[in-house]
Amino acid sequence: FSGKCAVARSLARRFHVWVLTLDYEHGEDQNLLSSELQEKLMGLIHLRCFLGVGAAPECRSFSRAVHPPVRSAMRPEGLPGLSKTMEQRVVDGNRIAAFLLKVLLLCCALNLKYWVENPDGSFLWLLKDWLAQQFGSPEHSFRFDMCRYRTRWRKRTRVATNTCLAGSRCLCQGGHSHLVLRGRSSAHGISWTRVAQVYPRL
């Protein structure tokens with residue numbers, strides 16, 4: 001889920017380390033739904049090949065902006081009666097969430113740093129197993145509005161983490177308007193929600 005790899009590049013420059021990035025858009029061999037790839041990564045984490053792990057899983061089924069809805073607060077694991085396409089997206093999202101939960105638990109056991117980002121209202125944070133482990137809870141997360149970092153949109157975001165950011169907030173202080181992330185950006189040639197996937201520069 002490294003996307004444009006902006007975080008990875010920043011970490012490499014700041015700390016002079018190598019950073020392994022994975023994103024299915026970079027190739028099918030980087031599809032984290034692959035059980036073989038999952039086993040390899042868990043093995044590398046066990047061997048302490050990494051100082052920490054970060055992820056920003058896609059929101060194709062976890063977002064509240066999906067219409068018609070495929071999840072709800074009462075059924076965050078997925079609603080019944082979905083189309084085959086959306087049912088598969090929900091199943092894939094749940095599989096990724098289950099894998100990430102294993103990764104975070106292993107990081108905690110090995111005292112490794114972690115962060116996982118999703119929209120603040122994502123149904124990811126309401127999954128039963130995530131709630132049970134308190135990943136994404138107020139004391140274990142960093143919440144921020146992107147407008148605080150000079151974007152035209154607010155996009156409230158939550159980062160589950162055990163870094164020094166845990167428990168911190170950086171929310172909109174008002175005094176300005178926000179671009180609503182609907183439709184397409186003619187300048188970028190893609191949807192506004194996709195434009196806003198990229199983290200703002202500090």
Side-chain angles (χ1 to χ4, degrees), residues 1-3 22-42 53-108 114-146 153-161 178-185 190-199:
F1 312 114
S2 53
L22 294 165
D23 195 298
Y24 75 95
E25 290 190 355
H26 301 161
E28 183 60 32
D29 60 333
Q30 297 187 31
N31 189 344
L32 283 167
L33 287 171
S34 165
S35 56
E36 181 181 357
L37 180 56
Q38 289 182 7
E39 289 176 9
K40 287 181 179 179
L41 291 173
M42 291 293 283
V53 177
E58 66 178 5
C59 311
R60 287 198 301 171
S61 70
F62 286 113
S63 173
R64 293 178 184 264
V66 175
H67 288 286
V70 296
R71 302 178 188 268
S72 71
M74 296 296 293
R75 291 177 175 264
E77 286 81 12
L79 296 171
L82 302 176
S83 68
K84 288 186 177 181
T85 299
M86 292 311 299
E87 182 179 16
Q88 189 59 55
R89 288 186 180 181
V90 168
V91 168
D92 289 346
N94 291 344
R95 287 177 58 196
I96 289 295
F99 170 62
L100 279 178
L101 186 65
K102 291 180 182 178
V103 170
L104 298 189
L105 291 172
L106 181 56
C107 285
C108 290
Y114 70 79
W115 63 268
V116 175
E117 176 269 329
N118 240 225
D120 190 59
S122 171
F123 289 114
L124 174 70
W125 312 120
L126 298 182
L127 294 176
K128 179 179 64 176
D129 293 339
W130 281 65
L131 284 174
Q133 298 297 331
Q134 297 189 333
F135 291 122
S137 64
E139 62 270 27
H140 298 121
S141 65
F142 169 52
R143 296 173 65 220
F144 68 96
D145 290 332
M146 288 194 175
W153 46 87
R154 189 186 75 163
K155 194 183 179 184
R156 183 159 294 176
T157 302
R158 188 182 313 192
V159 181
T161 185
H178 298 118
L179 173 70
V180 178
L181 297 173
R182 293 199 191 106
R184 293 176 63 83
S185 164
I190 55 177
S191 68
W192 276 112
T193 53
R194 193 164 179 81
V195 172
Q197 285 181 356
V198 181
Y199 299 129

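Because only heavy atoms are used, hydrogens play no part in the values below, and waters and symmetry mates are left out as well, while side chains stay in. Given the structure is predicted, the values throughout are model-derived calculations rather than measurements.
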query = Given the rule in the side chain to side chain contact (heavy atoms under 4.5 Å, CB included) test, do Tyr199 and Glu117 qualify, once you have shown the distances and angles that lead to the verdict?
reply = CA-CA 11 Å; Tyr199 299 129; Glu117 176 269 329; 2.7 Å; yes

task = Kindly determine whether Met42 and Val103 satisfy side chain to side chain contact (heavy atoms under 4.5 Å, CB included), including the steps that lead there.
result = CA-CA 7 Å; Met42 291 293 283; Val103 170; 3.8 Å; yes

request  = Tell me, with the steps shown, if Leu79 and Ser72 meet side chain to side chain contact (heavy atoms under 4.5 Å, CB included).
outcome  = CA-CA 7 Å; Leu79 296 171; Ser72 71; 3.6 Å; yes

request  = Just do the side chain to side chain contact (heavy atoms under 4.5 Å, CB included) check on Phe135 and Tyr114 with the steps written out, would you?
outcome  = CA-CA 11 Å; Phe135 291 122; Tyr114 70 79; 3.4 Å; yes

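Within the model, atoms CG of Leu41 and CG of Leu22 stand 5.5 Å from one another, a figure rounded to the nearest 0.5 Å. Separating the CG atom in Leu100 from the CG atom in Asp129 is a distance of 13.0 Å, to the nearest 0.5 Å. If you take CG on Leu131 and CG on Leu124, they are separated by 9.5 Å, rounding to the nearest 0.5 Å. Here the straight-line distance linking atom CZ of Arg154 with atom CG of Asp120 works out to 8.0 Å at 0.5 Å rounding. Going from atom CG of Leu179 over to atom CG of Leu181 covers 5.5 Å, rounded to the nearest 0.5 Å. Interatomic distance, Leu101 CG to Lys128 NZ, rounded to the nearest 0.5 Å: 11.5 Å.
The two residues Phe123 and Ser63 have their closest heavy-atom pair at CE1-O, 4.3 Å. Looking at every heavy atom in both residues, Thr157 comes nearest to Met146 through OG1-CE, 3.9 Å. In plain terms, the two heavy atoms of Val70 and Ser61 that are nearest each other are CG2-O, 3.5 Å. Here the closest non-hydrogen pair linking Pro76 and Leu127 is O-CD2, 3.6 Å. The two residues Val116 and Trp125 come nearest to each other via the heavy atoms O-CH2, 3.5 Å. Residue Gly136 comes nearest to Ala160 through the heavy atom pair N-CB, 3.7 Å, listed as atom of the first residue, atom of the second, then distance.
With hydrogens and angles left out, the side-chain atoms of Asn94 and Arg89 include no donor and acceptor closer than 3.5 Å. Looking at Thr85 and Ser83, their side chains never bring a donor and an acceptor atom within 3.5 Å of each other. Inspection of the Asp92 and Gln88 side chains reveals an N or O donor paired with an N or O acceptor under 3.5 Å.
Checked by atom type and distance alone, the side chain of Ser122 never pairs as donor or acceptor with a backbone atom of Asn118 at under 3.5 Å. Using modelled atom types, no side-chain atom of Arg143 and backbone atom of Arg156 make a donor-acceptor pair closer than 3.5 Å. Between the side chain of Trp153 and the main chain of Trp192, no donor-acceptor pair closer than 3.5 Å is present. A distance-only check finds a donor-acceptor pair linking the side chain of Gln30 to the backbone of Asp23 [under 3.5 Å]. The closest donor-acceptor contact from the side chain of Lys155 to the backbone of Ala196 lies under 3.5 Å. A distance-only check finds a donor-acceptor pair linking the side chain of Gln38 to the backbone of Leu32 [under 3.5 Å]. For Arg95 (side chain) and Leu33 (main-chain N/O), a donor-acceptor pair under 3.5 Å exists by modelled atom type.
In this view, Arg184 satisfies the salt bridge (charged side-chain N to carboxylate O under 4.0 Å, His left out) rule with no residue, not counting sequence neighbours. Arg60 meets the salt bridge (charged side-chain N to carboxylate O under 4.0 Å, His left out) test with Glu58; sequence neighbours excluded.
Contact check for Arg64 versus Arg71: no side-chain heavy atoms found under the 4.5 Å cut-off. The shortest distance between side-chain heavy atoms of Glu39 and Ser34 does not fall below 4.5 Å.
No more than 12 heavy atoms of other residues, nucleotides or ligands sit less than 6.0 Å from atom CD of Glu36.
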